[in-house]
Enquirer: 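First, the structure itself, so that you have it in front of you.
Per chain, numbering begins at 1; letters A, B, ... match sequence-line order.
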Protein chains: 2
Amino acid sequence: MMEAALRPHGLGATQWYVLHQLGHVGPTMQRELVRLLRVERATLSIIVGTLVRKGLIEQVPDTVDQRQKLLRLTPAGKSLWADLPDLGFIHDAAFAGFSKADIAITTRVLKAATERLNQHLEGEPT
Amino acid sequence: MMEAALRPHGLGATQWYVLHQLGHVGPTMQRELVRLLRVERATLSIIVGTLVRKGLIEQVPDTVDQRQKLLRLTPAGKSLWADLPDLGFIHDAAFAGFSKADIAITTRVLKAATERLNQHLEGEPT
DNA sequence: GCATATATGTTAGGTGGCTAACAAGATGTC
DNA sequence: GACATCTTGTTAGCCACCTAACATATATGC
């Protein structure tokens, strides 16, 4: 879905999220993005690498903690970001017409299920 | 989650589903599995290839239609299948404790949303 | 100060998903 | 019978996710 909207620009969904963060919120530490996107360090590293190769973002090592890298859009990145379509229509297309109550229940069930499975994983490594 | 349960056996989730089908239902045409797993031909081709390389399943070309391939467990596959743990606990762990009504609503919302997004994809290729 | 531990990022190797393009067999039409 | 078309499977190339192992840099402990 998002894929379809982003393919013309040569981006994947997660790449879009990274640009979204940097475009809307501003320069962000890579480790912060790991938290925001709920993705492994290693996964993000690859995605960031891709965007850097494409010349859309830069990694600037922090001056005080040389391990951490600040991510920010390059001029090319800013320009592309400005061209990207609005993706709000996706949410609308998917969920318009359901009652708020139903959506709330759905959200609650899925969140709880996810949490439980995570607890199982931590609690039961035989 | 499944991953955790299957890793000791060196299997991924979709590989497990294939073994499950062949173990529970019996030999199955590859094109039938595409339908059952709701996956692209190409994707299944890779997964089947992996299982064949591992010696767990075989591809037998149909005698009348040489394009189609019947998949079936090898002796090694049967033996592994017998050793695999029950995965029902996953569903229980995730969804026990919710009312049937809430689960029904969740299912309905997600199914409908999925369907709508698919329609968008077919109807709107600008 | 030095050794150990912790945090951050990268690399290597797996799984699984997709599209596009191709090969080969089966079918249909004329 | 010959050609066009549909079906099935494979291959190549991409995205995204994961764990494990490693390199560095910072922080802690003694």
Enquirer: If we ignore hydrogens and angles and just use 3.5 Å, is the side chain of A:T107 paired with the main-chain N or O of A:I103 as donor and acceptor?
Expert: yes
Enquirer: About how many Å separate CE of A:M29 and CD of A:Q68, when rounded to the nearest 0.5 Å?
Expert: 5.0 Å
Enquirer: Taking C-beta and beyond as the side chain, do A:T43 and A:T14 meet within less than 4.5 Å on heavy atoms?
Expert: no
Enquirer: Hey, is the side chain of B:T43 poking within less than 4.0 Å of OP1 or OP2 on C:dC18, counting only N and O atoms?
Expert: yes
Enquirer: What nucleic acid atoms does B:S45 come within less than 4.0 Å of, heavy atoms only: base, sugar-phosphate, or nothing?
Expert: base
Enquirer: Which of these passes side chain to side chain contact (heavy atoms under 4.5 Å, CB included) with A:L73: A:V18, A:L19, A:L56?
Expert: A:L19
Enquirer: Provide, to the nearest angstrom, the distance between the CG atom belonging to A:L37 and the C1' atom belonging to D:dC15.
Expert: 15 Å
Enquirer: Picking from C:dT19, D:dA16, C:dG16, which would you name as closest to the side chain of A:A13?
Expert: D:dA16
Enquirer: Quick check on D:dC15: is either OP1 or OP2 less than 4.0 Å from any side-chain nitrogen or oxygen of A:T50?
Expert: no
Enquirer: When rounded to the nearest 0.5 angstrom, what is the spacing between CG in B:L71 and CD in B:Q30?
Expert: 5.0 Å
Enquirer: At under 4.0 Å between heavy atoms, what does A:V39 touch on the DNA or RNA strands: base, sugar-phosphate, or nothing?
Expert: sugar-phosphate
Enquirer: May I ask you to verify whether the side chain of B:R67 and the base of C:dA24 hold a donor-acceptor pair under 3.5 Å?
Expert: no
Enquirer: Please check the phosphate of D:dT26 (OP1 and OP2 only) for any side-chain N or O of A:Q68 closer than 4.0 Å.
Expert: no
Enquirer: Once you apply a heavy-atom cut-off of 4.0 Å, does B:L44 come out as touching a base, just sugar-phosphate, or nothing?
Expert: nothing
Enquirer: When B:V48 is tested against each of B:L51, B:V52, B:I46 for side chain to side chain contact (heavy atoms under 4.5 Å, CB included), which residue passes?
Expert: B:V52
Enquirer: Among D:dG9, C:dT19, D:dT26, find the nucleotide with the atom closest to the side chain of A:Q66.
Expert: D:dT26
Enquirer: Atom CG of A:D65 to atom C1' of C:dT6: distance rounded to whole Å?
Expert: 11 Å
Enquirer: If I take atom NZ in residue A:K69 and atom C1' in nucleotide D:dA23, what distance separates them, rounded to the nearest angstrom?
Expert: 11 Å
Enquirer: Would you mind listing every side-chain hydrogen bond (donor to acceptor under 3.5 Å, both in side chains) that reaches into residues 19-29 of chain A, with sequence neighbours excluded?
Expert: A:Q21-A:T28
Enquirer: Tell me the interatomic distance from A:E40, atom CD, to C:dA12, atom P, rounded to whole angstroms.
Expert: 19 Å
Enquirer: What are the residues of residues 54-61 of chain A, sorted by number, that bring a heavy atom to within less than 4.0 Å of DNA chain C?
Expert: A:Q59
Enquirer: Got a sec, which pairs hit salt bridge (charged side-chain N to carboxylate O under 4.0 Å, His left out) with one end in residues 103-112 of chain A, sequence neighbours left out?
Expert: A:R108-B:D102
Enquirer: Can you check whether A:T14 has a side-chain N or O nearer than 4.0 Å to OP1 or OP2 of D:dC15?
Expert: no
Enquirer: Over how many whole Å does the gap from B:L51 atom CG to C:dG16 atom C1' extend?
Expert: 12 Å
Enquirer: Could you say whether A:T63 or A:Q15 is positioned toward the 5' end of DNA chain D, judged by the nucleotide with the nearest heavy atom to each?
Expert: A:Q15
Enquirer: If only side-chain N and O atoms of A:R31 are considered, is one of them under 4.0 Å from the OP1 or OP2 phosphate oxygen of C:dT8?
Expert: yes
Enquirer: Let me know, please, whether A:V64 or B:R41 comes out on the 5' side of the other along DNA chain D by nearest nucleotide.
Expert: B:R41
Enquirer: What is the distance from CD1 of B:I46 to P of C:dG17, rounded to the nearest Å?
Expert: 11 Å
Enquirer: I need the CG-P distance between B:D62 and C:dG25, as an integer number of Å.
Expert: 14 Å
